[in-house]
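Input: a single structure, listed below in structure tokens.
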Amino acid sequence: MASLMEMKEIFRSADAVCFDVDSTVIREEGIDELAKFCGVGDAVAEMTRRAMGGTVTFKAALTARLGLIRPSYEQVQKLISDNPPQLTPGIRELVSRLHQRGVQVFLVSGGFQSIVEHVAVQLNIPTANVFANRLKFYFNGEYAGFDETQPTAESGGKGKVITHLKEQFQFKKVVMIGDGATDMEACPPGDCFIGFGGNVIRKQVKEKAKWYITHFDELLKELEER
């Protein structure tokens, strides 16, 4: 197991940094916002808490939550236009600094492609660097399920994405940053996990993560060390 000093060195010399999105890159949980928008906020928020705590499988929780919400294509688009995701303070500067250093930045999320791509555009991250769940709709725009073949649709999926990135790009050092159990589980194959508690603190993650931060300025300072 790497020490904190070794983890900081891995971060400073990383080829790629993968960020979780909900409650990490953005302040809210996208699925909870969608649920509120569709009038089933309380029931879905409770399911999200259980999923993030790691007590149910991610796919089971996602299936159940979406079964309650049943969002139409129109509702998803209206959510993005009326209540766009709010970026977490410091993330824009951190991503910009990583880009300046030639580090590839990826968004790896259990949230939804359409919302995460909107976030990626704001951060100048290519949409090809987005790995997220895809909602499916019938020709009339009604909810038709989600793409269960996406790695992010199941527990352990973020680790599968990192393995894929290492194989495709020959990355030697990949860092995962996020607030939840699914992010922590991605290391290994990720080389370093940084727990983030700037929006919400997950007890399990705070207790187990060797490196835990509450503001992205802490990572910007690390990059200035070198």
Side-chain angles (χ1 to χ4, degrees), residues 17-38 40-41 43-54 56-73 75-88 91 95 105-123 125-137 143-162 176-186 195-196 198-200 202 205:
V17 175
C18 298
F19 288 92
D20 171 50
V21 177
D22 294 335
S23 297
T24 299
V25 167
I26 62 174
R27 305 198 71 145
E28 54 275 290
E29 285 285 324
I31 195 164
D32 288 351
E33 295 304 305
L34 185 58
K36 278 188 240 169
F37 197 74
C38 297
V40 288
V44 170
E46 178 53 36
M47 285 185 182
T48 297
R49 274 193 290 278
R50 290 211 304 274
M52 294 306 290
V56 293
T57 68
F58 185 83
K59 186 179 274 189
L62 185 62
T63 303
R65 289 180 290 177
L66 283 172
L68 268 178
I69 303 168
R70 302 194 65 77
S72 68
Y73 177 81
Q75 283 173 318
V76 174
Q77 297 308 310
K78 193 159 171 51
L79 172 70
I80 294 170
S81 62
D82 291 5
N83 302 302
Q86 301 299 304
L87 292 177
T88 299
I91 188 63
V95 170
V105 177
F106 296 86
L107 299 180
V108 184
S109 172
F112 306 123
Q113 188 91 11
S114 48
I115 295 173
V116 177
E117 285 186 350
H118 177 82
V119 173
V121 168
Q122 291 183 70
L123 295 172
I125 294 170
T127 52
N129 287 18
V130 168
F131 293 84
N133 287 316
R134 296 173 186 272
L135 294 171
K136 296 198 290 194
F137 303 99
Y143 175 68
F146 63 97
D147 182 354
E148 296 190 24
T149 66
Q150 294 296 316
T152 49
E154 56 190 318
S155 301
K158 292 182 180 182
K160 287 181 185 167
V161 170
I162 290 176
M176 182 76 212
I177 301 172
D179 68 288
T182 59
D183 307 308
M184 189 162 58
E185 289 162 4
F196 182 73
N199 292 310
V200 61
R202 316 271 180 207
V205 176

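No hydrogens, no waters, no symmetry mates; every other heavy atom, side chains included, goes into these values.
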So [Y] and [X], do their side chains get closer than 4.5 Å, heavy atoms only?
X: Ile31; Y: Leu62; result: yes
X: Thr88; Y: Val25; result: no
X: Phe37; Y: Val76; result: no

Using side-chain hydrogen bond (donor to acceptor under 3.5 Å, both in side chains) as the criterion, list what pairs up with [X], not counting sequence neighbours.
X: Thr24; answer: Asp20, Asp179
X: Gln75; answer: Ser72
X: Thr149; answer: Asp147

Distance, nearest 0.5 Å, that separates [atom1] of [X] from [atom2] of [Y]:
X: Phe196; Y: Ile91; atom1: CZ; atom2: CD1; value: 7.5 Å
X: Glu154; Y: Thr63; atom1: CD; atom2: OG1; value: 10.5 Å
X: Met176; Y: Asp183; atom1: CE; atom2: CG; value: 4.0 Å
X: Phe131; Y: Gln150; atom1: CZ; atom2: CD; value: 9.0 Å

Partners meeting side chain to side chain contact (heavy atoms under 4.5 Å, CB included) with Asn129 (sequence neighbours left out): Gln104, Phe106, Ile125, Pro126
Side chain to side chain contact (heavy atoms under 4.5 Å, CB included) partners of Lys36, counting only residues at least two apart: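 If we apply the side chain to side chain contact (heavy atoms under 4.5 Å, CB included) test to Lys36, skipping adjacent residues, the hits are Glu33.
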side-chain contact (heavy atoms from CB on, under 4.5 Å) between Arg202 and Met184, intermediate numbers included: CA-CA 11 Å; Arg202 316 271 180 207; Met184 189 162 58; over 6 Å; no
Partners meeting salt bridge (charged side-chain N to carboxylate O under 4.0 Å, His left out) with Glu148 (sequence neighbours left out):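 For Glu148, the residues satisfying salt bridge (charged side-chain N to carboxylate O under 4.0 Å, His left out) (neighbours in sequence not counted) are Lys59.
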For Lys136, salt bridge (charged side-chain N to carboxylate O under 4.0 Å, His left out) partners two or more places apart: none
Chi angles and distances behind the side-chain contact (heavy atoms from CB on, under 4.5 Å) call for Leu87, Leu123: CA-CA 9 Å; Leu87 292 177; Leu123 295 172; 4.0 Å; yes
Closest heavy-atom pair and its distance - Gly111, Ala132: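 Taking every non-hydrogen atom into account, O-CB, 3.6 Å.
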Distance-only, no hydrogens or angles: does the [X] side chain make a donor-acceptor pair with backbone N or O of [Y] under 3.5 Å?
X: Asp22; Y: Glu29; answer: no
X: Glu28; Y: Gln86; answer: yes
X: Thr152; Y: Gly110; answer: no

Show every donor-acceptor pair shorter than 3.5 Å between a side-chain atom in residues 113-120 and any protein atom, with sequence neighbours excluded, or say none if there are none.
{"unit_1": "Gln113", "atom_1": "NE2", "unit_2": "Glu117", "atom_2": "OE2", "d": "2.9"}
{"unit_1": "His118", "atom_1": "NE2", "unit_2": "Gln122", "atom_2": "NE2", "d": "3.4"}

Salt bridge (Lys or Arg N to Asp or Glu O under 4.0 Å) partners of residues 78-87, not counting sequence neighbours, each pair once: Lys78-Asp82
Any residue meeting ring-ring contact (aromatic ring centres under 6.0 Å, His included) with Tyr73, in chain and number order, not counting sequence neighbours: Phe137
Steps toward side-chain contact (heavy atoms from CB on, under 4.5 Å) verdict (Ile162, Cys18): CA-CA 8 Å; Ile162 290 176; Cys18 298; 4.2 Å; yes
